[in-house]
Amino acid sequence: MTIRILGAGVMGLAIATELSTRGHAVELVDPQPAPGPHACSWWAGGMLAPYCERESAEEPVERHGLAAIDWWHRHTGCVSHTGTLVLTLSRDRGELTRFARRSRGHQAVDGAAIAALEPDLGGRFTTGLFYPDEAHLSPRAALSELRRRLVARGVAFHLTPPAPTPELSIDARGLAARDALPDLRGVRGEMLVLRCPEVSLSRPVRLLHPRIPLYVVPRGDGIFMLGATMIESDRRGVVTARSLLELLSAAYALHPAFGEAEVLETGADARPAFPDNLPRLRRRGATLFANGLYRHGFLLSPAVATMAADHLETGILPEFMDEVSQ
Ligand SMILES: Cc1cc2nc3c(=O)[nH]c(=O)nc-3n(C[C@H](O)[C@H](O)[C@H](O)COP(=O)(O)OP(=O)(O)OC[C@H]3O[C@@H](n4cnc5c(N)ncnc54)[C@H](O)[C@@H]3O)c2cc1C
């Protein structure tokens with residue numbers, strides 16, 4: 001039996017990878033021929049930051065997110081395991097105390113330790129938090145690599161569903177699945193990509209701020225991804241002037257050289273999210289829905305994929321499954 005997966009974003013590709021690694025025959029259907037800007041996954045920062053995310057997320061995000069780092073190591077060659085640095089401007093020191101209280105897995109760092117970790121930030125910050133066990137990846141490289149490895153294993157990718165209808169389908173269409181999942185909503189995220197060869201960073205840096213938190217993810221060769229807004233809206237498309245202004249101001253506060261950066265790209269998409277911002281598996285007859293990755297697409301897709309595969313193999317009802325019907 002070949003299992004059909006609808007959607008080749010990070011959710012569909014992760015499930016296809018998990019199932020095919022376990023020896024199951026799978027095929028993917030996506031109207032787009034390759035990973036690209038049509039999918040929310042294209043715009044992600046790629047932070048694998050279970051401890052930092054726990055600051056504002058439920059416990060399962062940390063637990064399953066920790067296991068995700070190993071999953072991405074096993075299935076791609078593009079994980080950087082260099083931790084996360086969390087900083088704040090001196091006037092926002094209270095934010096750092098609050099962040100430390102609400103997360104684990106960190107070490108307090110002073111100005112000298114910050115300079116040792118990130119020499120280009122030396123002398124600019126006197127206190128911060130370092131999360132040594134966190135990681136990051138380039139989402140675009142990771143999506144392409146999952147796809148390439150699946151193709152090498154003989155997995156077919158179709159632009160339209162081929163006949164006949166399969167015995168089992170997995171719906172991983174992201175926000176497009178709202179036609180079947182009415183409690184799915186969009187949470188808009190805006191990002192930009194800068195080229196700034198004057199700054200070199202080895203790891204994602206988060207700059208806490210009561211209103212405009214920023215993260216900067218280094219992509220190598222002087223390229224940085226800056227993100228990301230969190231707006232209750234399913235509007236996709238271009239970045240607003242306000243968000244651009246706020247993200248760039250925060251980057252400038254992190255390092256003034258970002259003021260001279262070239263803006264290579266701006267983009268926005270709507271993260272698929274359920275009301276509690278945790279993912280869901282739903283079984284309706286011959287269809288298994290996998291969705292609601294919210295801001296944790298790369299962090300939680302390995303757990304959802306593993307649970308989906310376990311469910312299909314054993315019939316167990318995994319943690320993220322909240323519906324089984326005929
Ligand atoms: C700015 C921004 C930053 C982010 N940063 C991070 C981060 O640092 N770490 C992290 O873990 N997550 C991050 N995320 C969240 C992450 O991007 C999402 O959770 C994730 O991309 C959702 O993946 P998905 O596969 O469910 O949906 P998508 O990536 O949208 O994929 C859905 C796929 O379904 C296809 N499709 C649509 N209709 C059909 C159909 N009828 N039949 C078949 N296929 C169809 C689409 O073409 C698409 O390829 C970020 C998101 C944004 C917007």
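Quick caveat, the model's predicted, so the values are computed rather than measured. First listed ligand is number 1; within each ligand, the first listed atom is number 1.
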Counting only heavy atoms, tell me which of M225, R173, R271 gets closest to atom 32 (C) of ligand 1.
R173

Consider every N or O of G297 and every N or O of ligand 1, then say whether any pair is closer than 3.5 Å.
yes

Would you say R280 and M321 make side-chain contact, with heavy atoms under 4.5 Å?
no

Please state which protein non-hydrogen atom is closest to atom 2 (C) of ligand 1 and give its distance, to 0.1 Å?
W43 O, 3.6 Å

Sub-4.0 Å atoms of ligand 1 with respect to non-hydrogen atoms of G9
25 (O), 29 (O), 31 (O), 33 (C), 49 (O)

Could you check which of L28, D30, V10, N291 puts a non-hydrogen atom nearest to atom 46 (C) of ligand 1?
D30

List the residues meeting ring pair (Phe, Tyr, Trp, His ring centres under 6.0 Å) with F274, not counting sequence neighbours, and say none if there are none.
none

Name the atoms and distances for all side-chain donor-acceptor pairs under 3.5 Å in residues 250-260, with sequence neighbours left out.
from	atom 1	to	atom 2	distance (Å)
H255	ND1	A257	N	3.0
H255	NE2	D120	O	3.3

re atom 13 (C) of ligand 1, the protein heavy-atom contact at minimum distance is R295 O, 3.4 Å

Atoms of ligand 1 less than 4.0 Å from G174 heavy atoms?
26 (O), 27 (O), 32 (C)

Any side-chain heavy-atom pair of P213 and L207 under 4.5 Å
no

Of all the atoms in ligand 1, which lie at a distance below 4.0 Å from a heavy atom belonging to H296?
10 (C), 11 (O), 12 (N)

Stepwise ring-ring contact (aromatic ring centres under 6.0 Å, His included) check, F320 with H64
CA-CA 11 Å; F320 288 147; H64 294 297; 5.2 Å; yes

For G189, atoms of ligand 1 separated by under 4.0 Å from a heavy atom:
1 (C), 53 (C)

Going by heavy atoms in the side chains, are H75 and L150 under 4.5 Å from each other?
no

Closer than 4.0 Å to some heavy atom of M47 - which atoms of ligand 1 meet that?
7 (C), 8 (O), 9 (N)

min-distance protein heavy atom vs atom 5 (N) of ligand 1 -> G45 N, 2.9 Å

As an exercise, identify every atom of ligand 1 less than 4.0 angstrom from a heavy atom of G7.
33 (C), 34 (O), 35 (C), 43 (C), 44 (N)

Tell me, which protein residue and heavy-atom name are nearest atom 7 (C) of ligand 1, and how many Å apart are they?
G46 N, 3.4 Å

Heavy-atom donor-acceptor pair, W43 side chain to P37 backbone, under 3.5 Å:
yes

With respect to atom 19 (O) of ligand 1, which of Y294, Y215, F298 exhibits the smallest heavy-atom separation?
Y294

Is there a side-chain contact between S202 and E118 (heavy atoms, below 4.5 Å)?
yes

Contact between G227 and ligand 1, counting heavy atoms under 4.0 Å?
no

Shortest protein contact, atom 37 (C) of ligand 1 (heavy atom only)
A176 CB, 3.7 Å

of all protein heavy atoms, closest to atom 25 (O) of ligand 1 is M11 N, 3.0 Å

Top protein contact for atom 30 (O) of ligand 1, by heavy-atom distance
C40 N, 3.0 Å

Return the option from A172, A44, A39 holding the heavy atom at the smallest distance from atom 4 (C) of ligand 1.
A44

Is there a path of hydrophobic side-chain contacts, each under 4.5 Å between heavy atoms of I, L, V, M, F, W or Y residues, that connects V239 with L248?
yes

Enumerate the atoms of ligand 1 whose separation from the nearest heavy atom of L299 is less than 4.0 angstrom.
11 (O)

Nearest-contact summary for atom 23 (O) of ligand 1 - protein heavy atom, Å
S41 OG, 3.3 Å

If you group Ile, Leu, Val, Met, Phe, Trp and Tyr by side-chain heavy-atom gaps below 4.5 Å, do L214 and L208 land in one group?
no

Around D179, counting heavy atoms of other residues, nucleotides and ligands shown, do more than 12 lie under 6.0 Å from its CG?
yes

Would you sort out whether H24 and E313 count as a side-chain contact (heavy atoms from CB on, under 4.5 Å), showing the intermediate values?
CA-CA 10 Å; H24 299 280; E313 287 181 342; 2.7 Å; yes

Would E232 and R188 count as a side-chain contact (heavy atoms from CB on, under 4.5 Å) here? Give the steps.
CA-CA 6 Å; E232 285 293 331; R188 178 172 161 87; over 6 Å; no

